[in-house]
Structure formats: C-alpha cells, structure tokens
Protein chains: 2
Amino acid sequence: MNIGDVAKLSGLPPKTIRYYEDIGLISPLRDANGYRSFRESDTHKLAFLGRARALGFTIEDCRTLLALWDDKQRASGDVRAIAQEHLAQIERKIIDLQAIQETLSHLVRECSGDGRPDCPILKTLEVLPLR
Amino acid sequence: MNIGDVAKLSGLPPKTIRYYEDIGLISPLRDANGYRSFRESDTHKLAFLGRARALGFTIEDCRTLLALWDDKQRASGDVRAIAQEHLAQIERKIIDLQAIQETLSHLVRECSGDGRPDCPILKTLEVLPLR
DNA sequence: GCTTGACCTTCCAGTAACTGGAAGCCCCAT
DNA sequence: ATGGGGCTTCCAGTTACTGGAAGGTCAAGC
C-alpha cells in the first residue's frame, strides 16, 4: 500500500505519516521505486496513533504506548499510569478553561458592544488580578 | 525601571518582556548603558498583556486589544467581537476536552492496573472509532 | 511514443509563544 | 580590584505538524 491509501485508511494526512516515520514511530518498507510500502501492521499502528493523538496523548506518550502495545507481556499498570496522568492534566486544563470562560462570558455580557468608547472588557484587563 | 523590576511588577519573566519588545508589543526607552528603561506606561501595558494572555488571548489578539486600548475613541464593539470569538473557541475546547475526559476516565476505571497483560486501554485504542 | 495528471520523493522553512544557554558588558559593595 | 548579580545580544530548541518547491514515477489516453 502506498502512503495515500494508508492516509485514507488511518485518517492521517500523508505529511503526518512521513513525519511519524521521521521520528521513528513507524518504519514502513520501501518499494524499488522508493515509494513507502505499508504493511497491515503499519496501518494498524497508524490507526492506533491517530486514536491516541485524538485523545490528546503527546507523541512521546504515544511512543511509550506503542511500545507497551507491541510488548503484550507488560503489565497494564504502565499504561494505566500514563492514561491517569494524562487524564489529570486534562481535568486541570478543563478547570482552567472554565475559569477563563466564566470571566470572559461575564465580560462579554457586560459589554454593550455599542459605540460607547469606554469598554468594560478593556477596563477589566487593566485591573483584573493576576492568578 | 530596569527589566527585573518590571518583571516583578508585571509577573512576566524578563525573557518574555524582551520577546514582547522584539515583536513590537512594547517599546521601552534605553538608558545610556543600553539597559531598557521602562516607563509607567510600559509597565501598565505589560500588566495588561499578562492579564490578556492569562485569559488565553493570542499574541495577535493582544496586539489588537492593545491598539484598541490605546485608541479609546474606538467603539467597544471591536473588543467585544474579539472577546466573543475567543470565548466561543474556549467553549469548543472545553467540550472537546470533556469528551476526551469521559473516554479516558472510563478507560482508567476499567483498567485494573494489575499485572494482567490484556489492557483495556490499549484494546480500546485499537478499536475506538475516530471522530 | 508522448503527454498529462495524479502520485510519490526529499528538503527547507514556518507556525506560537516562548525558554535555555552562551558570551560578554555593567554596576555596586566589599 | 574583585565578586556577584543584573543586564545585553544572539542562537537554538521546544511541539506536532504543515506548506511549498523541485523533481521522479506511474497509468491512461491519443
């Protein structure tokens, strides 16, 4: 299979797939003409990567997860630890964003948006306490 | 005032302040020895920038907000539009993260984390439908 | 046999917003 | 005068790609 086919199958753009090869996440074979030749296992890995990335795992997390996936003997505790730490990060980020959202939605609600030159949003940015 | 003082006042690291000068967000004066010399207005701007960045506005948003702030005659509608678009982005991001959080917390809950070699997290990454 | 267009290749550069580090002045206190 | 901290510039690296240029390859159609 050529890169275009795998791209369609995995949902990842060809550029991304080449990049994943560059950084050593996959190692497709090569045809005589120099084209990458993807096996089943490559496609499978790429789909795995696409899903892990969609869940927000970093590339380095993905590298580790792939290794653990390849090495089925390993205890699942390692995987769980990675997922749990990632989950904690996401929960922190959600909380941060919700605080920002609240501040901003207050501001937007208070701002008439009409022609008045004194804007409560700018005013707040002047005095809002830094966290 | 030297950069260290302003850094303390504004809460921004000196490196960041220099960077903001590089990209034209501020233009502090220079002393004879080449040191940056920050006026009140620079400090004020930096504090404004710190707050806007803490609310997640991009640097380019900040540039625009600063300009609108300088130009008090402008209608507040412009500011409101920026804030509203930014708010919408944040709300989208929260929703995305919440979906991820749900998936992940299911996974972590299901994963015993004990020595069993079949890990439900890895299994799910194999088959989870791509969004 | 030749052209055309869709693929494929590599390599270089750019993105956002800093951050780290090196090399080298400058200033003040001892 | 010397030591320590603060200041300067410049270069490079971070994350995870993405865009684009220059060029090779392949299959179809004339």
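Remember, it's a predicted structure, so these values are computed and weren't measured experimentally. Both backbone and side-chain heavy atoms feed into the values below; hydrogens, waters and symmetry mates do not.
- Looking only at distances, a side-chain donor or acceptor of A/His86 sits under 3.5 Å from a matching main-chain atom of A/Leu55.
- By the 4.0 Å N-to-carboxylate-O rule, B/Glu21 lies close enough to B/Arg30 to be salt-bridged with it.
- Which of D/dA16, D/dC7, C/dT10 sits closest to the side chain of A/Ile59 comes down to D/dA16.
- To the nearest angstrom, C1' of C/dC7 lies 10 Å from CG of A/Asp5.
- Atom CZ of B/Phe38 and atom P of D/dG6 are 15 Å apart (whole Å).
- With sequence neighbours excluded, no residue satisfies side chain to side chain contact (heavy atoms under 4.5 Å, CB included) with B/Asp96.
- For the pair A/Met1 CE and D/dC26 P, the computed distance is 19 Å after rounding to whole Å.
- The separation between B/Leu55 atom CG and C/dA17 atom C1' is 17 Å, rounded to whole Å.
- Note on B/Pro14: nothing from the nucleic acid sits closer than 4.0 angstrom, heavy atoms only.
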Report task. Go through A/Leu25 and A/Tyr19 one step at a time and tell me if the side chain to side chain contact (heavy atoms under 4.5 Å, CB included) criterion holds. Result -> CA-CA 9 Å; A/Leu25 286 181; A/Tyr19 171 70; over 6 Å; no
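- Across C/dC7, C/dA17, C/dT19, the shortest atom-to-atom separation from the side chain of A/Tyr35 is found for C/dC7.
- Between A/Thr16 and D/dT18, a side-chain N or O to OP1/OP2 separation shorter than 4.0 Å is present.
- Considering only side-chain atoms of A/Ile3, the nucleotide from C/dA17, C/dC8, D/dT18 that sits closest is C/dC8.
- Distance, B/Glu60 CD to C/dA16 P: 7 Å, rounded to whole Å.
- Nucleotide D/dT9 holds its C1' atom 9 Å from the CZ atom of B/Arg18, rounded to whole Å.
- In this structure, the nucleotide among D/dT8, D/dT18, C/dT19 sitting nearest to the side chain of A/Tyr19 is D/dT18.
- Looking at the side chain of B/Arg53, the nearest of the listed nucleotides C/dT9, D/dA16, C/dA17 is C/dA17.
- The CG-C1' distance, from A/Leu46 to D/dC17, rounds to 15 Å in whole Å.
- Here the side chain of A/Asp31 pairs no donor or acceptor atom with the backbone of A/Asn33 at under 3.5 angstrom.
- Remark: side-chain polar atoms of A/Arg53 are paired, donor with acceptor, to backbone N or O of A/Phe57 under 3.5 angstrom.
- Less than 4.0 Å separates DNA chain D from at least one heavy atom of each of the following residues of residues 20-34 of chain A: A/Tyr20, A/Asn33.
- Pairing each heavy atom of B/Ala52 with each of B/Cys62, the nearest pair is CB-SG, 3.7 Å.
- A/Val6 pairs with exactly one of A/Asp42, A/Leu46, A/Leu12 by the side chain to side chain contact (heavy atoms under 4.5 Å, CB included) rule, that one being A/Leu46.
- For D/dT9, the OP1/OP2 oxygens have a side-chain nitrogen or oxygen of B/Arg36 closer than 4.0 Å.
- B/Leu9 is connected to B/Phe48 through a chain of hydrophobic side-chain contacts under 4.5 Å among Ile, Leu, Val, Met, Phe, Trp and Tyr, so both are in one cluster.
- Remark: B/Arg92 engages B/Glu85 in a salt bridge, criterion side-chain N to carboxylate O under 4.0 Å.
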Any N/O pairs under 3.5 Å between the protein and nucleotides 20-23 of chain C? List them or say none.
unit_1, atom_1, unit_2, atom_2, d
C/dG20, N7, B/Lys15, NZ, 2.9
C/dG20, O6, B/Lys15, NZ, 3.0
C/dG21, O6, B/Lys15, NZ, 2.2

